[in-house]
Asker: 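Okay, here's the structure, questions in a sec.
In this chain, numbering begins with 1 at the start of the sequence shown. Computed from a predicted model, the values in this text were never measured in an experiment.
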Amino acid sequence: MYISDTHLKTFLADAGLVSQKDFDVAEQEAKAAGKTIGDILIAKNAIGEDELRRTYAYILGIPFVSLTTEKIKYETLSMIPEPVARRNNIIAYNRRGDELEVAMLDTDDLAAIDFIKKKTHLKILSRLTDVASVKFALKEYQQSLKDNLGDVIQRETAALLKSAPDAKEEDLRQVAEGVSAVRIVDTLIRHANAQGASDIHIEPLQESLLIRYRIDGILHDAMELPKHAANAITARVKVLANMKLDEHRLPQDGRFGAESGGEKISFRVSILPTYFGEKIVMRLLRDSISGFTLESIGFHGSGLERMHESMRSTTGMILSCGPTGAGKSTTLYTLLDIINTPDVNISTIEDPIEYQMARINQTQVRPEIGFTFANGLRSLVRQDPDIIMVGEIRDKETASLAINAALTGHLVLSTLHTNSAAGAIPRLLDMGVEPFLLVSTLRVIIGQRLVRKLSPDREKYELSREEQAQLEKEIDAGTVLRALKEEKAIAKDATWKNIPFYRPKETTESPSGYSGRIGIYEVLPVTSTIKELMMGNNSGDAIDKQARSEGMLSMSEDGIFKAAQGVTTIEEVLRVITE
């Protein structure tokens, strides 16, 4: 939005919004910094950002609209996909015939306007708006989608009752491909994706069909459907996942892909017979994980340095440990994304392939035909790899092959189901791996869990004496305080008494007060002292004690570190650690 400095100066002075002196100072600073006068005026709090935007609209003759009191029709709002609207701060709010009015923070964003014109084939009329209007409209996406999808599901389940109240075996495929079944399953997928769910649970009860979503690691009831919809929904999911339609007595697993909200998603499907029917669980796997960094998933300080140091190795093994759902795969994929350069050959053997990554050779195990981790790993080492990722070490054979690969010039990444980083060593020894082989190959072991992150709207508080005493029982408070000061997260003279913590605050945008998840970690480097303990067949507790004496933060301590930064809450950390 180009406006000459003279025009802007005259209008602001005439309107009494900015004094001539303030404008002249801003003009000089703008020239020196190579910025616009508007940016300088906003930075100096001489004028508000929205107030300046209204001024621009008036001078340029562009209509200014406020959307905070408008009820936008879902059909109009959804003409611009939510990711595009959020990324470009552009909202479709009114359609008249072949004209579409869009509210924008920057009407010079011609690329966004051109994209919408091509997508809708309508004449685009751009209007200026303010930040509050954009935030309000983005919230409307969620509510409008929820209302719209609820109407669709209610209408289509009613249609199912009329068309196929008691579907017979021979009718199942016809029902599965019917309009109602297709719309219901498609709507559930869109709804779950819009809610940010990682899993969809479809559970048959005695009188109804319960739909639940796992959001940020917690299961929530989403809706209840009539019992008569169960056959059609189950049949539709089986068709999508290429399963046997007439098999109701045995568990089945499958997979399919779909597109929702402008992004590609893979669905891993599991069907299990229960007393009242077949239960379906669909895991949503966003196809691309590119762009994650170790910092963005929660690594910091000395743990981050140790991770980068281990990735510079060309041989050896990096292990990620934790229970199911602890984020181990995300950690390994993030490491692969960082070390995925043109000069290396990376191969993986996984069960299942959770994310597809460019320039990486990913292989899915198939135990039913004898293609196991061990067999796959034998083949991988003959494919001239530099880096190998083994989805999970489950038995002695896989462990021995992975360690042999690490010994013979490969960097091996894998996961192990243990509760802590130190617990990985006794587990491998129990599998029959020789201690001297572990000493020669292990580079770093990561223990991890996932905690929910606080939403931006949160409630600040300070610990009482009782809470401080309780906290000191749970963790080594001195170690955490020292780490916070070393990373300059708090003042040098800060104590637990004056460090602010936060509680979740429920809002319409975030009912739980949490949004998203982040990892809490313990990063155990295999140092010379740890190697001595391994050779002496010492317990996991002894290894953990030594690692902590050498500066390793435990998972609970890393969690409290993040709570002190306002990332999560103390209660959330304790919930996850004690599960």
Side-chain angles (χ1 to χ4, degrees), residues 306-321 328-329 331-336 338-341 343-351 360-363 365 371-418 420-447 523-540 543 546-547 550:
R306 288 163 179 168
M307 292 299 295
H308 281 296
E309 187 180 334
S310 66
M311 284 191 294
R312 286 194 288 270
S313 304
T314 55
T315 62
M317 183 182 288
I318 299 172
L319 281 179
S320 178
C321 304
K328 301 186 297 297
S329 295
T331 299
L332 292 193
Y333 278 115
T334 301
L335 292 175
L336 287 180
I338 293 168
I339 57 183
N340 185 11
T341 56
D343 58 333
V344 294
N345 174 25
I346 303 177
S347 294
T348 74
I349 178 82
E350 307 173 55
D351 183 23
I360 290 181
N361 311 291
Q362 296 174 266
T363 306
V365 303
F371 185 49
T372 62
F373 275 117
N375 292 341
L377 192 47
R378 282 195 186 91
S379 299
L380 279 194
V381 293
R382 293 195 289 271
Q383 287 278 312
D384 186 32
D386 298 293
I387 298 159
I388 297 170
M389 195 262 267
V390 182
E392 184 186 344
I393 294 175
R394 296 177 179 172
D395 51 46
K396 179 182 178 181
E397 189 179 13
T398 307
S400 299
L401 287 166
I403 285 170
N404 189 58
L407 280 169
T408 54
H410 307 94
L411 179 62
V412 178
L413 285 66
S414 192
T415 70
L416 204 59
H417 279 88
T418 61
S420 66
I425 294 167
R427 174 65 60 83
L428 290 168
L429 293 173
D430 287 345
M431 284 183 183
V433 178
E434 294 293 340
F436 71 89
L437 292 176
L438 286 183
V439 166
S440 305
T441 54
L442 281 177
R443 295 284 178 265
V444 70
I445 307 170
I446 309 148
V523 181
L524 193 161
V526 183
T527 60
S528 56
T529 48
I530 299 293
K531 288 178 180 179
E532 286 175 16
L533 292 174
M534 288 163 65
M535 288 300 293
N537 278 325
N538 282 271
S539 67
I543 292 168
Q546 179 61 34
E550 294 176 7

Asker: State, to 0.1 Å, how close P525 and V523 come at their nearest heavy-atom pair, and which atoms those are.
Answerer: CD-O, 3.2 Å
Asker: Indicate whether any N or O donor in one side chain lies under 3.5 Å from an N or O acceptor in the other, for E392 and S414.
Answerer: no
Asker: Run L429 and M534 through side-chain contact (heavy atoms from CB on, under 4.5 Å) and show every step you take.
Answerer: CA-CA 9 Å; L429 293 173; M534 288 163 65; 6.0 Å; no
Asker: So V344 and L411, side-chain contact (heavy atoms from CB on, under 4.5 Å) or not? Walk me through it.
Answerer: CA-CA 11 Å; V344 294; L411 179 62; over 6 Å; no
Asker: Would you check if the side chain of R378 reaches a backbone N or O of L401 as a donor-acceptor pair within less than 3.5 Å?
Answerer: no
Asker: I want to check something: taking the side chain as every heavy atom from C-beta on, are I360 and L336 in contact at a cut-off of under 4.5 Å?
Answerer: yes
Asker: Quick check: do L438 and I403 have side-chain heavy atoms less than 4.5 Å from each other?
Answerer: yes
Asker: State the CG-CG distance between D386 and D343, to the nearest 0.5 angstrom.
Answerer: 8.0 Å
Asker: Would you confirm whether H410, through its side chain, and I387, through its main-chain N or O, come within 3.5 Å as a donor-acceptor pair?
Answerer: no
Asker: Please check if atom CD in E309 has more than 12 non-hydrogen atoms from other residues, nucleotides or ligands closer than 6.0 Å.
Answerer: no
Asker: Is the shortest heavy-atom distance from the side chain of P385 to the side chain of I346 under 4.5 Å?
Answerer: no
Asker: What pair of heavy atoms forms the shortest contact from G540 to P426, and how long is it?
Answerer: N-CG, 3.7 Å
Asker: Out of curiosity, I339 CD1 to L413 CG, how far, rounded to the nearest 0.5 Å?
Answerer: 5.5 Å
Asker: Considering non-hydrogen atoms only, spot the tightest contact between A374 and E397 and give its length.
Answerer: CB-CD, 3.5 Å
Asker: Determine, for D430 against K396, whether the closest basic-nitrogen to carboxylate-oxygen distance falls under 4.0 angstrom.
Answerer: no
Asker: Looking at every non-hydrogen atom in both residues, tell me the closest pair between L332 and S320 and how far apart they are.
Answerer: CD2-CB, 4.1 Å
Asker: For the residue pair T315 and A406, what are the closest heavy atoms and their distance?
Answerer: CB-O, 3.7 Å
Asker: Below 4.5 Å, heavy atoms only, C-beta onward: do M389 and L335 meet side chain to side chain?
Answerer: no
Asker: Do I388 and V381 come close enough that some side-chain heavy atom pair is under 4.5 Å?
Answerer: yes
Asker: Quick check for you: to the nearest 0.5 Å, what is the distance between R443 atom CZ and S310 atom OG?
Answerer: 9.5 Å
Asker: Would you give the length of the straight line joining atom CD1 of I530 to atom CG of L442, rounded to the nearest 0.5 angstrom?
Answerer: 11.0 Å
Asker: With side chains defined as the heavy atoms from C-beta onward, is the minimum distance between V390 and T415 less than 4.5 Å?
Answerer: no
Asker: Evaluate the criterion side chain to side chain donor-acceptor pair (under 3.5 Å) for residue pair T363 and E350; output intermediate values, then yes/no.
Answerer: CA-CA 6 Å; T363 306; E350 307 173 55; over 6 Å; no
Asker: Check whether N345 reaches the backbone of D384 with its side chain - one donor and one acceptor, N or O, closer than 3.5 Å.
Answerer: yes
Asker: When rounded to the nearest 0.5 angstrom, what is the spacing between CD1 in I543 and OG in S539?
Answerer: 7.0 Å
Asker: Would you confirm whether S313, through its side chain, and G316, through its main-chain N or O, come within 3.5 Å as a donor-acceptor pair?
Answerer: no
Asker: Which heavy atom of A402 sits nearest to which heavy atom of V412, and what is that distance?
Answerer: O-CG2, 3.7 Å
Asker: Please evaluate residues I349 and F371 with respect to the criterion side-chain contact (heavy atoms from CB on, under 4.5 Å), reporting the C-alpha separation (whole Å), side-chain torsions for both, the decisive distance (0.1 Å), and the verdict.
Answerer: CA-CA 10 Å; I349 178 82; F371 185 49; 3.8 Å; yes
Asker: Do side-chain atoms of T398 reach the backbone of R394 as a donor and acceptor pair under 3.5 angstrom?
Answerer: no
Asker: Quick one: pull up CG in N361 and CG in L380 and give me the separation to the nearest 0.5 Å.
Answerer: 8.5 Å
Asker: Could you check D395 against M431 for side-chain contact (heavy atoms from CB on, under 4.5 Å), going step by step and ending with a plain yes or no?
Answerer: CA-CA 7 Å; D395 51 46; M431 284 183 183; 5.9 Å; no
Asker: Under the 3.5 angstrom rule, does the side chain of R427 hit a backbone N or O of H417 as a donor-acceptor pair?
Answerer: yes
Asker: Does L533 offer a backbone N or O that forms a donor-acceptor pair with the side chain of N538 under 3.5 Å?
Answerer: yes
Asker: Compare all side-chain heavy atoms of I318 with those of I446 and state whether any distance is below 4.5 angstrom.
Answerer: yes
Asker: For the residue pair V365 and T372, establish whether any side-chain heavy-atom pair is separated by less than 4.5 Å.
Answerer: no
